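Only one structure is covered here, and it is reproduced in the block below.
Each ligand, and each atom within it, is numbered from 1 in the order the structure gives. A quick note: this is a predicted structure, and the numbers were derived from the prediction, not measured.
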Amino acid sequence: MKVTFADQRPGGAYALAIPVRGDDMLTDRLAGFDDAARRLAARAAEAQRFERELGAIAETFVDEGEAARRLLLVGLGGKRDDEALYERVGGALTARLLTSGETRLVVDLSGLELEEEAGARIAFGAAARAWRHDLYRTKLPRKQKPTLEEVVIVGGGAGAEGHWARREALLGGIAFTRELVTEPANIVYPESFVERCRAQLEPLGVEIEVLDEKAMGELGMGALLGVSLGSEKPPRLLAMRWNGAGDDRKPVVFIGKGVTFDTGGISIKPAQGMEAMKWDMGGAGAVAGAMKAIAGRKAKANVVGICGLVENMPDGKAQRPGDVVTSMSGQTIEVINTDAEGRLVLCDCMTWAQRQYKPEVMVDLATLTGAMIISLGYEYAGLFANDDGLASRLTAAGQATGDRLWRLPMGEAYDKMMDSPIADMKNSGAREAGSITAACFLGRFVEEGVKWAHLDIAGMVWANKAGHLCDKGATGYGVALLDRYVADHHEG
Ligand code: BES
Ligand code: MN
Ligand code: ZN
């Protein structure tokens, strides 16, 4: 989506959106129109029960000179502190217009005196909601093809455009994550995931380092490699480094679970719905997209993104329930359930990251447990942390961006549930508190003094229905969250 900013409404054909607050006089907002147009707009608002709720739309056509123009009144709601308020307004307009036949949307903010960021945020929402993946649809009916190509923000004030650059970078990151998550597992697998990251990130100045099977073997990553045994696709550990701080301060490290397909392995999953496990790399996808957003806006921070990339398949060579593997940390793990593979991948990534970068802060993101969806549904990701400050900083970044987080407890009683009679720990405990015991498993790989958070994003990566800022499908969850967290706490 092309985004531009202007002082005046342009000429030519476009749909015109006029935002309306709860307490605005409609006549004031329509000051530029003649009486007939104002009557039509007022009637449309009434007839369509438009009550200026956030993102609500009333639509009509008015005569403007020689042309009939589509006019949309869009609600700004009553509260100024609604989460992602302006983004939602942009998203609602795109949802309405994307395949409407209109090619250009003009949002006229003149006379509203909104905060300086409003225009850029509306544009961001409009562009984010427009993202689609039609690559494999060779027979898309004409009426389902997107027509909307451009958003023009009018009257957003002199500073409006300046806020766009950062959001444009964020949008690029989110689009990249959505693409990685949407692509099926025969297209995006460990090697091709790495190549896509190279293509997107190296031009931005991100340094890429890749460990192959042999390198990981020499490092003793028996937990990660055990998961990969059943797959024909060789595993990869991908490290993406952005040195934007201009000094040698310790980087903040993000780690993503990148299981490019999770069949469950020998503890195989039921066929019903298994196709969803193409997005079991959503944590890695979020980390890759966040790196793109962060490098794209040249953030003054040192950030490393690490993706543990494997495919979990059943095979004659696959690992078995009961097998004992040795992780890079030296700790041994009894593999009770080969479907609890994410933690096996992450634990070796965590050890490698801590040895390599000595981070003070380490955050992992993973579609780790189905139990997470049972606890929090599709509204919040689960947050687990060994540090209250880090937990509240991440929670705040989530609240600000709409990538919401809710903290859950950890502790010794849960941790004990992961003890094994034959090894240092097992990879799967009881059914109860499954997300918490998974976090406790990971906690055993956090080294002294490292502030660590684990985000279980199992419910957030994919949406079964359209949301405010995305259609059905890949959401791009986590990119805005990490970008915002870095901006607020690791820059300057
Ligand atoms: N990738 C799954 C978790 C998942 C399930 C994410 C459904 C999104 C939707 C993970 O690897 C897994 O299979 N976890 C098991 C753990 C269990 C065997 C301890 C689970 O949640 O059932
Ligand atoms: Mn699994
Ligand atoms: Zn998995």
Here the Zn ion (ligand 3) sees protein N, O or S atoms within less than 2.8 Å, and their number is 4

Would you tabulate the polar-atom pairs, meaning N/O of ligand 1 against N/O of the protein, with distances under 3.5 Å, reported to 0.1 Å?
unit_1: ligand 1; atom_1: 1 (N); unit_2: Lys257; atom_2: NZ; d: 3.3
unit_1: ligand 1; atom_1: 1 (N); unit_2: Asp262; atom_2: OD2; d: 3.3
unit_1: ligand 1; atom_1: 1 (N); unit_2: Asp280; atom_2: OD1; d: 2.8
unit_1: ligand 1; atom_1: 1 (N); unit_2: Asp280; atom_2: OD2; d: 3.0
unit_1: ligand 1; atom_1: 1 (N); unit_2: Thr367; atom_2: O; d: 3.3
unit_1: ligand 1; atom_1: 11 (O); unit_2: Lys257; atom_2: NZ; d: 3.2
unit_1: ligand 1; atom_1: 11 (O); unit_2: Asp262; atom_2: OD2; d: 2.9
unit_1: ligand 1; atom_1: 11 (O); unit_2: Asp339; atom_2: O; d: 3.1
unit_1: ligand 1; atom_1: 11 (O); unit_2: Glu341; atom_2: OE1; d: 2.8
unit_1: ligand 1; atom_1: 11 (O); unit_2: Glu341; atom_2: OE2; d: 2.9
unit_1: ligand 1; atom_1: 13 (O); unit_2: Lys269; atom_2: NZ; d: 2.9
unit_1: ligand 1; atom_1: 13 (O); unit_2: Asp339; atom_2: O; d: 3.0
unit_1: ligand 1; atom_1: 13 (O); unit_2: Asp339; atom_2: OD1; d: 2.8
unit_1: ligand 1; atom_1: 13 (O); unit_2: Asp339; atom_2: OD2; d: 3.2
unit_1: ligand 1; atom_1: 14 (N); unit_2: Leu368; atom_2: O; d: 3.4
unit_1: ligand 1; atom_1: 21 (O); unit_2: Gly370; atom_2: N; d: 2.7

Does the plane of the ring in Trp406 sit parallel, tilted or perpendicular to the ring in Tyr380? Use 30° and 60° as the thresholds. perpendicular

So the ring-ring contact (aromatic ring centres under 6.0 Å, His included) pairs with at least one residue in residues 325-375 (sequence neighbours excluded) are Trp352-Tyr357

Original post:
In terms of the angle between their ring planes, are Tyr485 and His489 parallel, tilted or perpendicular, with boundaries placed at 30° and 60°?
Top reply: tilted

If you measure from the Lys or Arg side-chain nitrogens to the Asp or Glu carboxylate oxygens, is any gap between Arg404 and Glu379 under 4.0 Å? yes

Using a distance-only test with no angle check, is there a side-chain donor-acceptor pair under 3.5 angstrom linking Asn312 and Thr263?
no

The reported gap from CD1 in Ile374 to OG in Ser435 (rounded to nearest 0.5 angstrom) is 9.0 Å

### Message
Whether Glu341 and Lys257 form a salt bridge (side-chain N of Lys/Arg under 4.0 Å from carboxylate O of Asp/Glu) is what I want to check.
### Response
yes

Side-chain ion pair, Lys416 and Glu412, N-O less than 4.0 Å: no

*asked:* For a quick check under 3.5 Å, do Tyr136 and Glu183 share a side-chain donor-acceptor pair by atom type?
replied: yes

Review point. Is the shortest side-chain N to carboxylate O distance from Lys2 to Glu149 below 4.0 Å?
Key: no

Exercise. Is the closest basic N to carboxylate O distance between Asp488 and Arg393 below 4.0 Å?
Worked result: no

Salt-bridge present (Asp403, Arg484; N to O < 4.0 Å): no

message: Main chain of Met350, side chain of Gln354: is a donor-acceptor contact present, judged purely on distance under 3.5 Å?
response: yes

Report for the Mn ion (ligand 2), protein N, O or S closer than 2.8 Å, by chain and number, lists Asp262 OD2, Asp339 O, Asp339 OD1, Glu341 OE1

